[in-house]
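When a residue number appears, it is its place in the shown sequence, counting from 1.
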Amino acid sequence: FKYDATHCAVADGIRDSGGIAALYQRAYEGLSSPEVATGADISFGFAPGNAELDRQSGSEIQYHVSTGYIGDHRFPLLREQAVKVRAQLQENGATHIVGYLDENSTGDSRWVIGHHVPQRDYGFWLEKVLAEPWFGLLIKPKVPRGLRERLGPVAELLRMAEDTGRCIVYEQRSETSFNGWYPPAAVALASDVAVHGDLAAATAGMEAALAGSPTLLYDGQGCPLSPLHRLGDDSVVFQDWDTLWEACRNHWSAPGSVPGFGDWSAMLDELDPFRDGRAAERIGTYVHWLIQGLQAGRSREDVMSETAQRYCDIWGSDKINEVRNGKLGAKDAPGGKQNIQEPLVNRLAFSPVTSKRNGL
């Protein structure tokens, strides 16, 4: 887990015992911050651009390896289920379907999103289900557990919407699961439009777009510095629900009437330059090569260097970068790298926080 300081100490321990510390990017990262800084020998990231963000955040990474979005292998596996879920809503009268992807909330809104936010957001969509007999809603909570408790009085609207047969909540099948069994793509592939209710933490929206669904982002919390604004305000990014809903209705009644509606094509290359469903395969292959080298008794530095060269030979030299001492650069050829001895925790030099959340 890279989003706290523990991984730096773990990486030092692995290095001291002759091993290689590797971790992977699991979420969309659009803004530099100490909170996303990484200290490791190897970091598997979605795209080369993430290496630059790592540099800005103060990361120290010998090999930043671009692999693509790690969840892309599941897209084709979800299509059959998506067809069945979509048909279920259509049998109950839904002709247009939105897949809503939320963020989690807590009882203390001083630090992160409070429960009043999902109560407002869910209330908007559930009222549309009750008011429009042609409208279907699929809901994928980031944290399904405790959703109805967090919704408070809005939970009754959810019950009424579910009774119409045009509203389905993707809930986990086990109380031990935190984020649930279903990925965002499960909802996106069954919907006409996917809507992610948070711009600052946009991983679910990114996955929906990579899965091929028209995807909208709601910036209700205020994240003006997000690079995702480049996708287009009032075509992909919206500041209020009414404007977003009106864009959906215009698009459904006259396709093409909202230029760029839900279209992420302008940024897909920088989010995932591969988009071939093989990101997890690339990571697994890379780790396999590392293990083979260590088992053969080679030094950790030689193993990392030779593995990087093998990867570059297949996927291109632009897919591996070095993030060190506030600089970013392509890795040298095998045998030409400097062996850094000082602990990773001592080499982290954080840049100023540039992200904003809840007006802070």
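Qualifying side chain to side chain contact (heavy atoms under 4.5 Å, CB included) partners for Ser265, counting only residues two or more places apart in sequence or in other chains: Asp263. Scored by the side chain to side chain donor-acceptor pair (under 3.5 Å) test, Arg148 finds Glu162, Glu171 as partners (sequence neighbours excluded). Under the rule for a side chain to side chain contact (heavy atoms under 4.5 Å, CB included), Ala266 has no partner lying at least two apart in sequence or in another chain. With sequence neighbours excluded, the residues satisfying side chain to side chain donor-acceptor pair (under 3.5 Å) with Arg278 are Glu281.
For residues 37-61, the set of pairs meeting the ring pair (Phe, Tyr, Trp, His ring centres under 6.0 Å) definition, not counting sequence neighbours, comprises Phe44-Tyr286, Phe46-Tyr69.
Between the side chains of Glu149 and His115, no donor-acceptor pair is found at a separation under 3.5 Å. Neither side chain, Asp302 nor Ser305, offers a donor N or O lying under 3.5 Å from an acceptor on the other. Donor-acceptor pairing under 3.5 Å is lacking for the side chains of Gln88 and Asn92.
Ion pairing between Arg324 and Asp54 fails under the 4.0 Å rule for side-chain N and carboxylate O. Classification of Glu270 and Arg230 as a salt-bridged pair holds, one side-chain N sitting under 4.0 Å from a carboxylate O.
A heavy-atom distance below 4.5 Å is found between the side chains of Arg26 and Phe1. With a 4.5 Å cut-off on side-chain heavy atoms, Glu60 and Val323 do not count as touching. Considering only heavy atoms from C-beta on, Ser66 stays 4.5 Å or farther from Asn50 through its side chain.
Put simply, the side chain of Arg166 gets close to the backbone of Val129: a donor and an acceptor are under 3.5 Å apart. A donor-acceptor distance shorter than 3.5 angstrom exists from the side chain of Asp219 to the backbone of Cys223, with no hydrogens or angles considered. With Gln119 contributing its side chain and Val154 its backbone, the two residues share no donor-acceptor pair below 3.5 Å. In this structure a side-chain-to-backbone donor-acceptor pair under 3.5 Å is missing from Thr307 to Met304. Put simply, the side chain of Ser253 gets close to the backbone of Arg249: a donor and an acceptor are under 3.5 Å apart. Under a 3.5 Å cut-off, the side chain of Thr203 and the backbone N or O of Tyr28 do form a donor-acceptor pair.
When the side chains of ILVMFWY residues are joined at heavy-atom separations under 4.5 Å, either directly or via intervening members, Val85 and Val187 end up in a single hydrophobic cluster. Cluster membership for Val258 and Val195, using ILVMFWY side-chain heavy atoms within less than 4.5 angstrom, is shared.
In this structure, Arg282 is not positioned above the aromatic face of Tyr311 in the sense of NZ or CZ being under 6.0 Å from the six-membered ring centre and within 45° of the axis. Geometrically, Lys319 engages Phe274 in a cation-pi contact, judged by NZ or CZ lying under 6.0 Å from the ring centre and within 45° of the ring axis.
Taking the six-membered ring wherever Trp is involved, the centroid distance between the rings of Phe261 and Trp252 does not fall below 6.0 Å.
Using the six-membered ring where Trp is involved, Phe124 and Trp245 have ring planes that are perpendicular, over 60° apart on the 30 and 60° scheme.
For the pair Ala194 and Ala208, the tightest heavy-atom approach, listed with the atom from each and the gap, is CB-CB, 3.8 Å.
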Check residues 93-102 and write down every donor-acceptor pair under 3.5 Å in which the side-chain atom is one partner and the other belongs to a residue at least two apart or another chain.
{"residue": "Thr95", "atom": "OG1", "partner": "Trp134", "partner atom": "O", "Å": "3.4"}
{"residue": "Asp102", "atom": "OD1", "partner": "Lys142", "partner atom": "N", "Å": "2.5"}
{"residue": "Asp102", "atom": "OD2", "partner": "Tyr122", "partner atom": "OH", "Å": "2.9"}

